[in-house]
Amino acid sequence: MQLTYNSFSPRFKTPFGAVTRQTPITFRLRVDSTAAVNTVALCVTHDGQWEAERAIPMQLIGATYQTTFTPTDQGLYFYYFRVVTATTTVFMGCVDGGYGGPGVEYHDRSRVQMYQQTVLATRERLPRWYREGVAYQIFVDRFYNGNPDGHVNAPKANSFIYGRLTDRPLYIRDAHQAILRWDFYGGNLRGIAAKVPYLKRLGVTIVYLTPIFQASSNHRYDTGDFMKIDPVLGDLADFDHLVKTLHQAGIRLILDGVFNHVGVDSRYFNRAGHYETIGAAQARTSPYYDWFTFINYPDDYDSWWGVRDLPTVDKTNPGYRDFIFGRGESVINYWTRRGVDGWRLDVADELPDDFIRGIRHALDQFPDKVLIGEVWEDASHKLAYGQRRHYLEGGALQAVMNYPLRRLIICVLNGTLAPADWWRELLTLKENYPASTFQYNFNNLGSHDTPRIFTMLQDNRARLNLAFQLLLTLPGVPCLYYGDEAVMTGGKDPDNRAFYPWSCADRQQIQFVTKWTRWRHEHAWLNQATFWPFYLADYGIGYVYLHDVQTVLVVFNLTNLQRTVKATDLHVTGLPDGLAAVVPRQLVGQQLPAETGQIVENFT
């Protein structure tokens with residue numbers, strides 16, 4: 001017996017990918033058997049309701065067995081197929097690891113890997129400025145000092161300032177690895193405003209800042225006061241000046257919202273007594289006491305991943321919810337009214353779904369805002385603390401940081417992921433995510449939490465160019481990490497957070513990146529287009545865009561050898577029939593130079 005199914009192909013499943021509830025989904029399975037087939041069934045269950053699995057009979061129509069299933073609830077459904085003959089029972093599931101595409105036969109039900117079907121409450125709409133944008137992430141202390149004499153604003157006690165801006169970042173730790181002295185270079189908000197012309201020339205239309213609120217550290221994920229700008233970065237006038245300068249240049253601003261935890265020396269916890277208010281660590285009568293969970297007051301408390309400097313906040317606390325998003329002068333409302341265009345939520349997995357929906361509801365009071373989450377895995381089926389997260393099913397996050405795509409880009413360029421696997425994993429993301437998420441995810445090659453892209457690619461300039469081309473031609477909103485375009489290097493934190501090398505930036509690489517950001521802006525329709533990837537044997541990857549009468553074909557030779565495309569090299573499974581015929585006509589017989597990308601536009 002041979003079973004054939006491919007969740008990527010409209011011949012076997014329609015519609016493709018995530019659907020809204022009450023949408024009929026048609027499944028088809030091909031069964032080639034010498035023995036008489038008794039029954040064929042689609043076996044489907046709603047997430048977590050494993051004992052309530054339904055077996056839906058499939059009827060032979062033409063050459064395939066067929067049935068239609070209509071999901072009634074939002075969330076995840078999981079499915080597989082069961083074929084029973086007079087002599088055996090065979091199951092068809094997905095490839096181990098939860099990947100979509102061509103299925104695998106199983107003979108033991110306990111080993112069957114089930115396909116995922118994502119079901120949404122509603123489809124998201126995102127503002128045009130975001131959909132068509134090119135973003136740039138700035139670690140504020142490490143970008144530029146806008147003071148004419150270069151002095152550092154309001155140096156913090158018990159910190160140090162680097163002697164030269166070219167010094168590499170370094171932590172000074174005690175015997176227990178706690179940081180003794182935070183280090184600063186002196187980048188500030190005025191510095192970002194001063195470099196807006198550079199950002200404009202680079203093609204940037206969105207700036208995403210790491211936290212800017214008052215804190216003890218240089219990264220400011222240990223918030224001290226949500227309502228104050230950190231004095232090292234400037235003051236409220238500097239913030240307003242930055243917002244005005246960005247908006248006048250047509251650049252939007254996204255802030256980092258760190259709402260899962262605060263600093264141990266914050267206004268709210270106040271262990272060291274730096275603030276005039278009574279913090280939770282100082283007295284049980286503190287207005288903030290109920291925001292935190294104490295195991296043994298005051299020294300033993302819940303903290304983020306056990307980091308004692310970061311006490312975790314109880315996100316179910318009504319007072320804290322009102323403070324962040326629930327009241328008129330909440331953190332979200334106050335800063336959004338001052339001109340913020342969107343928020344990126346730190347450690348979104350640790351924020352309850354209804355907390356994220358509350359933030360989204362507050363943001364929806366303002367026109368054209370966006371809410372992005374920090375999620376490192378496929379966010380469509382994320383499990384956190386034993387609970388499935390539902391933040392992509394409508395009314396919560398509109399996009400997430402696309403770390404899975406970053407991994408695919410790095411691995412396929414370094415040769416640790418075969419083109420066929422790259423193709424399957426990318427299409428699985430497309431299948432699992434809501435269409436709006438896949439089309440408008442916040443894509444990156446690196447961030448303040450990862451090694452630099454050039455370092456990840458073993459300082460290989462050709463691979464770096466391919467990485468930028470992939471970032472700027474794939475679906476999603478591309479986000480550059482400050483200095484990657486200048487060929488900054490760096491390993492893990494803090495080495496990936498050096499100061500931008502303004503005096504010796506790689507101008508050739510900046511021009512290369514600028515060329516591709518301009519190309520992206522000239523093709524602003526890409527994220528609305530139909531997108532399908534393909535691969536070429538063991539040496540190449542590619543994809544096709546189709547939008548009305550506009551077409552774009554992108555193809556990459558990943559190896560260090562020139563290749564001539566043969567018909568047998570091309571694997572176009574899943575492409576619509578018309579494109580599956582056109583792509584070979586464009587590529588077969590063509591020579592692909594080593595480690596280069598090529599684009600063909602408006603082909604027929």
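Here the structure is a predicted model, which is why all the values come from computation and not from measurement. Values below: every heavy atom of this structure, side chains too, minus hydrogens, waters and symmetry copies.
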Name the orientation class of the two ring planes belonging to His448 and Tyr221 (parallel below 30°, tilted from 30 to 60°, perpendicular beyond 60°).
parallel

Check against side-chain contact (heavy atoms from CB on, under 4.5 Å), Ile212 and Leu233:
CA-CA 7 Å; Ile212 62 172; Leu233 303 184; 3.8 Å; yes

Taking all non-hydrogen atoms of both residues, which atom of Gln137 and which atom of Gly446 are closest, and how far apart?
OE1-O, 4.3 Å

I'd like to know if the side chain of Tyr482 pairs up with that of Arg142 as donor and acceptor (distance under 3.5 Å, no hydrogens or angles considered).
no

Side chains of Asp183 and Tyr171: any donor to acceptor distance under 3.5 Å?
no

Tell me whether the NZ or CZ atom of Lys430 lies within the 45° cone about the ring axis of Trp532 and under 6.0 Å from its centre.
yes

For Glu393, give me all partners under side-chain hydrogen bond (donor to acceptor under 3.5 Å, both in side chains), at least two apart in sequence or on another chain.
Gln74, His390

Residues Tyr130 and Asp341: side-chain donor-acceptor under 3.5 angstrom
no

Closest approach of Val400 and Leu397, non-hydrogen atoms and distance?
CG1-CD1, 4.0 Å

Which atom pair, heavy atoms only, marks the closest approach of Ala215 to Lys156?
O-NZ, 2.7 Å

Note: Thr489 and Arg452 closest approach over all heavy atoms is C-CG, 3.5 Å

Ring centres of Phe239 and Trp335 under 6.0 Å apart?
yes

Please check: side-chain N/O of Arg389 versus main-chain N/O of Ala379, any donor-acceptor pairing under 3.5 Å?
no

Among all residues two or more places apart in sequence or in another chain, which pass the ring-ring contact (aromatic ring centres under 6.0 Å, His included) test with His571?
Tyr535

Side chains of Asn414 and Arg463: is there a donor and an acceptor less than 3.5 Å apart?
yes

Are Trp502 and Tyr198 an aromatic pair by the rule of ring centers under 6.0 Å?
yes

Carboxylate-amine/guanidinium proximity below 4.0 Å for Asp141 and Arg497:
no

Classify the ring geometry of Trp343 against Phe213: parallel below 30°, tilted from 30° to 60°, perpendicular beyond 60°.
tilted

Between Ser447 and Asp449, a side-chain donor and acceptor under 3.5 Å:
no

Can you establish whether the number of heavy atoms outside Gln458 located under 6.0 Å from its atom CD is more than 12?
yes

Quick one: sort the Tyr136 and Phe143 rings into parallel, tilted or perpendicular, breaks at 30° and 60°.
perpendicular

Check: residues 467-477 side-chain donor-acceptor pairs under 3.5 Å, at least two apart:
| from | atom 1 | to | atom 2 | distance (Å) |
| --- | --- | --- | --- | --- |
| Thr473 | OG1 | Gln469 | O | 2.6 |
| Thr473 | OG1 | Tyr543 | OH | 2.5 |

Tyr403 versus Val375, closest heavy-atom pair with distance
CD1-O, 3.7 Å

Any donor-acceptor pair under 3.5 Å from Arg563 side chain to Ala594 backbone:
no

